[in-house]
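The next block holds one structure in the form of structure tokens; read it before the comments.
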Amino acid sequence: MTVETLLASLHLAVPELILAVGALALLMIGVFNGDKSAPTVTGLAVALLIASGLWLLIASPEGEAFGGAYLADPFARFMKVLALIGSIVAMIMTVGNARSEHLDRFEYPVLLLLATLGILLMISANDMISLYMSLELQSLALYVIAAINRDSLRSTEAGLKYFVLGALSSGMLLYGMSLVYGFTGNTGFDEIAKVLAGETRSLGVVIGLVFVLTGLCFKISAVPFHMWTPDVYEGAPTPVTAFLAAAPKIGAMAILVRVVSDAFQPVIADWQQIIVFISLASMLLGSFAAIGQKNIKRLMAYSSIGHMGYALVGLAAGNQSGVSGVIIYMTVYMVMTLGTFACIIAMRRKEGETVEGIDDLAGLSQTNPFMAVALTALMFSLAGIPPLAGFFGKYFVFLAAIEAKLYALAIIGILSSVVGAYYYLRVVKVMWFDEPKGEFDRVSTELRLVFGLSGLFVLAYLFFGGPVGTAAEAAAKSFF
């Protein structure tokens, strides 16, 4: 690699460089100043994330870098901006609750930055090796922040479960990659696609494909690789859970789309069957398993599993409208999830006790009407009730499935969505019709801003969903 090509590659990767260099600098600030520097480090981390996002929006060029291992295109730009918004909001939600959630240490924002760096690199990965390295960079940081509250048995258990199952999925992913390399002789996505298009596919490639999809489906917590999700969501500190439910899911879904649409496009008949099965299983388990949940964080875990199933309906379609539907769905999902978790973080009694039971929301409409209205809008949107944002997310993925003649998948998706509406409406019933059990402490400005804007987004999506859809279509054209 010459100096000119290296500089050109670095120019394409400026958003990642901002986070990488910034994270190292903030680590040094924290090391020399101790935990008292945590607020400063958090503020600077948010500034770095915003700077990275602004570069992507204003000055992001397109092309390949580092010998084709890194790809900058409209799809990568859209998903990176989305992931950065998720990281920024998750970090802002920590500000007023850092001490109570035991996150008032400088390592937390640094680890969040490194996890986000891994997510951005993963979204732009165009090679099996760069995919694996970026996924591991993200995962190692996430394992630590899941268990960052060392005084909590639940948090430690969550981090350990996430680590053990994550290591298993990582091994499966690496094994699948080695099989794909062995049977195609390449690790680059474009080269793999050329080999698969030019010859009859072998059984070894299909087995490799299954293992690769297994590793990636673990990251989006799709069935049957969802085992870690309820325990980690419940055990990790709530701001950490909010981050886990948002940005990493965006990155994992983005690379899943890129892998099947780029590297394995010639064998669409093989991966389509796998995606259809995983989508069906995720939608059904997410809908039925959440019904009996009493802890709202566990309910959101099963809700997340179900929503990943709905998003995969669009991917299973294997066409441009399907990918566009996935992008729109993930955008809406991230906003709904962050808004809901902002409300969950606000569930704190005046005595300082944090509560997580659905019954603890009883009478919220009387004690905190603004929060009750915002959470109601978010619950209705998660249920897919028109004309809220969640309805349009489901509409576009089901429409793509119907275009691809996947009628059974679309029908089962709609039916499972009806079943899933039960547990969302139950939360609304508890807030509006049950007698109050007590009053929550004053909600911080940051949290009010997050769930207020999220509620406004889902309510008013009808008016500004057009530009989101246009941007999603432009991003989807990257593959077709």
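Residue numbers run from 1 in the order of the sequence given.
A 4.5 Å side-chain heavy-atom check between L213 and W271 finds at least one atom pair inside the cut-off. By the 4.5 Å heavy-atom criterion applied to side chains, T5 and F66 are not counted as neighbours. Side chains of L131 and V259 form a contact here, defined as non-hydrogen atoms less than 4.5 Å apart. Two residues are said to be in side-chain contact when any heavy atoms from C-beta on lie closer than 4.5 Å; F75 and R258 meet this criterion. Contact of the I192 side chain with the M128 side chain is registered, since non-hydrogen atoms from C-beta on lie closer than 4.5 Å. Within the 4.5 Å cutoff, the side chain of N295 has heavy atoms near those of the E234 side chain. Under the 4.5 Å side-chain criterion, counting only non-hydrogen atoms from C-beta, K161 is in contact with E157. Between M283 and V313 the shortest side-chain heavy-atom distance falls below 4.5 Å.
One distance of note links CG of L142 with CD of Q138; it measures 5.0 Å at 0.5 Å rounding. One finds the OG atom of S130 at 11.0 Å from the CG atom of L135 (value rounded to the nearest 0.5 Å). How far CD1 of I18 is from CG of L48: 8.0 Å, rounded to the nearest 0.5 Å. Interatomic distance, CD1 of I305 versus CD1 of I220, reported as 10.5 Å (0.5 Å rounding). How far OG of S287 is from OH of Y423: 5.0 Å, rounded to the nearest 0.5 Å. Taken from CD in E136 to CG in L173, the straight-line distance is 8.0 Å, to the nearest 0.5 Å.
Salt-bridge check for D231 with R298: passed, with a basic side-chain N closer than 4.0 Å to an acidic carboxylate O.
Residues S321 and N319 have side chains that bring a donor and an acceptor to within less than 3.5 angstrom of each other. Judged by distance alone, the side chains of T337 and K249 never bring a donor and an acceptor atom under 3.5 Å apart. Side-chain N/O atoms of S124 and K80 include a donor and acceptor closer than 3.5 Å. Side chains of S169 and K219: no donor on one and acceptor on the other come within 3.5 Å.
Judged by distance alone, with hydrogens and angles left aside, the side-chain atoms of S52 form a donor-acceptor pair with the main-chain N or O of P15 at under 3.5 Å. Between the side chain of T340 and the backbone N or O of M336, at least one donor-acceptor pair lies under 3.5 Å. In this structure a side-chain-to-backbone donor-acceptor pair under 3.5 Å is present from Q272 to A316. In this structure, N126 contributes its side chain and G68 its backbone to a donor-acceptor pair below 3.5 Å. With hydrogens and angles ignored, the 3.5 Å screen pairs no side-chain donor or acceptor of S9 with any backbone N or O of A65. A side-chain donor-acceptor contact under 3.5 Å links S416 to the backbone of G413. With S221 contributing its side chain and H226 its backbone, the two residues share no donor-acceptor pair below 3.5 Å. In this structure a side-chain-to-backbone donor-acceptor pair under 3.5 Å is missing from T331 to V468. T470 places a side-chain N or O within donor-acceptor distance of the main-chain N or O of G466, the cut-off being under 3.5 Å. Checking side-chain atoms of N186 against main-chain N and O of T184 turns up a donor-acceptor pair under 3.5 Å.
Contact between L338 and G86 at its shortest, heavy atoms only, is CD1-CA, 3.9 Å. Counting all heavy atoms, side chain and backbone alike, S170 lies closest to Y132 at OG-OH, 2.9 Å. Smallest separation of non-hydrogen atoms from I278 and C217: CD1-SG, 3.5 Å. Across all non-hydrogen atoms, the minimal contact from I327 to A476 is CD1-N, 4.0 Å.
Other residues, nucleotides and ligands contribute only 12 or fewer heavy atoms inside 6.0 Å of the CZ atom of F163. Environment of CG in L462: crowded, with over 12 heavy atoms of neighbouring residues, nucleotides or ligands closer than 6.0 Å. Residue F479 places its CZ atom among more than 12 non-hydrogen atoms of other residues, nucleotides or ligands, all under 6.0 Å distant.
Taking the six-membered ring wherever Trp is involved, the centroid distance between the rings of F218 and F225 does not fall below 6.0 Å. For Y424 and F380, the gap between ring centers reaches or exceeds 6.0 Å. Between F396 and Y329, the ring centre distance reaches or exceeds 6.0 Å. W228 and Y162 have their aromatic ring centers within a separation under 6.0 angstrom. A distance below 6.0 Å separates the ring centres of F464 and F457.
Partners of K297 according to the salt bridge (charged side-chain N to carboxylate O under 4.0 Å, His left out) rule, which considers only residues two or more places apart in sequence or in another chain, are E356.
Ring orientation note: the planes of Y175 and F211 are nearly perpendicular, at an angle over 60° on the 30°/60° scale. Classified by interplanar angle (parallel below 30°, tilted 30° to 60°, perpendicular above 60°), the ring pair H307/Y333 is tilted.
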